[in-house]
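Notes follow once the structure below has been shown.
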Number of protein chains: 2
Amino acid sequence: MTTESLTQSQPATSHRQVSPTRLKILQVAAGLFAARGFSGVGVNEIGEATGLGRGALYYHISSKEDLLYDITTAYMSDLIAEGQSILESESDPTLRTQKLSRALMMAISEHLSEMTVCFRELHALTDERRRAVMSLHSDYQAIWSRSLSDGMAKGTFRPIPSTVLKGLLGMYFYSFLWLDPRGPQNAADIGDAFAEVVLRAVRA
Amino acid sequence: MTTESLTQSQPATSHRQVSPTRLKILQVAAGLFAARGFSGVGVNEIGEATGLGRGALYYHISSKEDLLYDITTAYMSDLIAEGQSILESESDPTLRTQKLSRALMMAISEHLSEMTVCFRELHALTDERRRAVMSLHSDYQAIWSRSLSDGMAKGTFRPIPSTVLKGLLGMYFYSFLWLDPRGPQNAADIGDAFAEVVLRAVRA
DNA sequence: GCAAACTTGTACCGATCGGTCTGTACAAAA
DNA sequence: TTTTGTACAGACCGATCGGTACAAGTTTGC
C-alpha cells in the first residue's frame, strides 16, 4: 500500500519514477533518518547501508534533501488517500472514526521509520518543501475534520475546538516514540483504543 | 520556574553551576536546536547567535551534546517537580487532572523551544544519556499514572491501558508542532480543553 | 559483434564539522 | 609590582560534509 505511491508511474505529479534501487535507498534512508535525524546521517552512511558508492547513490537520487522530501510526501499521500477513501465509503460517524483510527495506527506501525521521519524531521526541509509537506498534514487533518463535522450534522457528535482535533491527532502522531510493532498489543488494538478516546471526546 | 533547576547551586546532582553567560548559551542553543535540529546546528552558529567566539563558547560548555543534555534534563526535571507537587497537594482526581493538564500545557507554551528539544531531539543523545532522559519521561508518565490509579481507587475513574495514557500524553507532547504561544487561544484554555478530553476518556 | 544506454566506484571539490590551542585583556589578590 | 584567575578571540586540527567529474564496467537493442 505504501509502495503504491512510490512505484506507480507518475505523469502529472512531481514524483519521479522509482527503480528498485531507488526504492531500496528510500527505505534505508528512512531507517537512518529515523534513528539519527536527517542532519545526523551522512550520504556516505546511506551509501554504505545500501551497498552503493557515492557515485552510484547520486545516480539514483538528486540530493539528500530529495530523499527526505520523497519519503514524507509519499507516505503522507498514502495516508490521505486511504483517509479519503474511508471518508467516502463509510457514512456512519462512529464506524468511520474507528476505521480512520485503525488505518492511521496501522500505517504508523507498519512504516514506523518513514512515519517518524514524516512527523519529526519536517524542520530539515527547505522553506518551500516544508510548506508543501505541512500542507499535506493539513489535508489529512481536514479529512478528520470533515468526518467529525458530518457526525455533528447528524447529531452524533458535538462541536470541538480545532485545537482539540490537533491534540487528538497528536495522540497518534506522537506514538512513533513509544510504539513497538513487535509489542504485545498490535496496532489494530491500539487504534481501537484510541478510537474510543476520540469518540468519548466528541460524542454529543 | 524553569530557570530554577538551571540556576540553583547543585551540590549533589550532576548539574554544574550556571553563570549568566552559560544560561544565555543554553537558551540560544535551545532556540536553534528547535528550529533546525541538533545535528543541523553547528557550534559556530551557536557562537554567532550568542556573540561569542569558539574559544569563549567552549570556556562555558564542555561539549555540544552537553548543551542538549542539560536543556532536556533541566526542563524535564521542572515538569516532574511541578507534577509531583500537584499530585501531593490536590487529592480530588478531577481537579488534579485539570491542574496537571494546565501545568503541562503552560510549561510547553512558555518554553516552547526547550520542550521541542525535549520531545523531538532525544535521538541525538548518546546511549547512556538518552536512557537517562527517557527515564525522566517515564517518571513524568508515572505521575499521571499514579494520579489516574488513585482516581480509579476512589471510583471516579475507570482503568485504561497504558498505551492510552501514552497516547493522551502524546496529545500534549506533540503540540510543540502547532502551538503558537501568541495565538488566540492561550495555553491555559488549551490545557483545560485537553483535560476535558482526558476526563472523558477515563471517567467511569 | 558493436554501439548506445545504464550503473557503478573512485578521486576529488570547497566548505564546514566539533573541538583544541595559544595568546591576551583585565580585574582582584598578594 | 607581580601573580593569579576569569573571560574571551581567533587560528588551527583532522575528519567529514554534500555534491560532482569521469572513467570503467555491465546490460541492452540491433
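Any value given below was found using the heavy atoms of this structure, including those in side chains, with hydrogens, waters and symmetry copies removed. Below, chain A is the first sequence line, B the second, and so on; all start at residue 1.
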Subject >> Under-4.0 Å side-chain N/O to phosphate OP1/OP2 contact, B:His60 with D:dC8 >> reply: yes
Hey, what do you get for [atom1] ([X]) to [atom2] ([Y]), rounding to the nearest 0.5 Å?
{"X": "B:Ser147", "Y": "B:Leu100", "atom1": "OG", "atom2": "CG", "result": "5.0 Å"}
{"X": "A:Leu79", "Y": "A:Glu114", "atom1": "CG", "atom2": "CD", "result": "12.5 Å"}
{"X": "A:Phe119", "Y": "A:Met76", "atom1": "CZ", "atom2": "CE", "result": "6.0 Å"}
{"X": "A:Phe157", "Y": "A:Ser149", "atom1": "CZ", "atom2": "OG", "result": "10.5 Å"}

**OP:** Take the angle between the ring planes of B:Phe173 and B:Tyr140 and call it parallel below 30°, perpendicular above 60°, tilted in between.
**Re:** tilted
Original post:
Looking at DNA chain C, which of residues 49-59 of chain B put a heavy atom within less than 4.0 Å of it?
Top reply: B:Arg54, B:Gly55, B:Tyr58
Original post:
For DNA chain C, which nucleotides open and close the run of contacts to chain A, 5' to 3', at under 4.0 angstrom from a non-hydrogen atom?
Top reply: C:dC6 to C:dT10
Original post:
Below 4.0 angstrom, N of the basic side chain to O of the carboxylate: do A:Arg129 and A:Asp70 qualify?
Top reply: no
Subject >> Short side-chain to backbone donor-acceptor contact, B:Arg120 and B:Leu177, under 3.5 Å >> reply: no
**OP:** To the nearest Å, give me how far apart NZ (B:Lys24) and P (D:dC8) are.
**Re:** 11 Å
**OP:** Classify the side-chain pair A:Tyr69/A:Thr126 by whether it contains a donor and acceptor separated by less than 3.5 Å.
**Re:** no
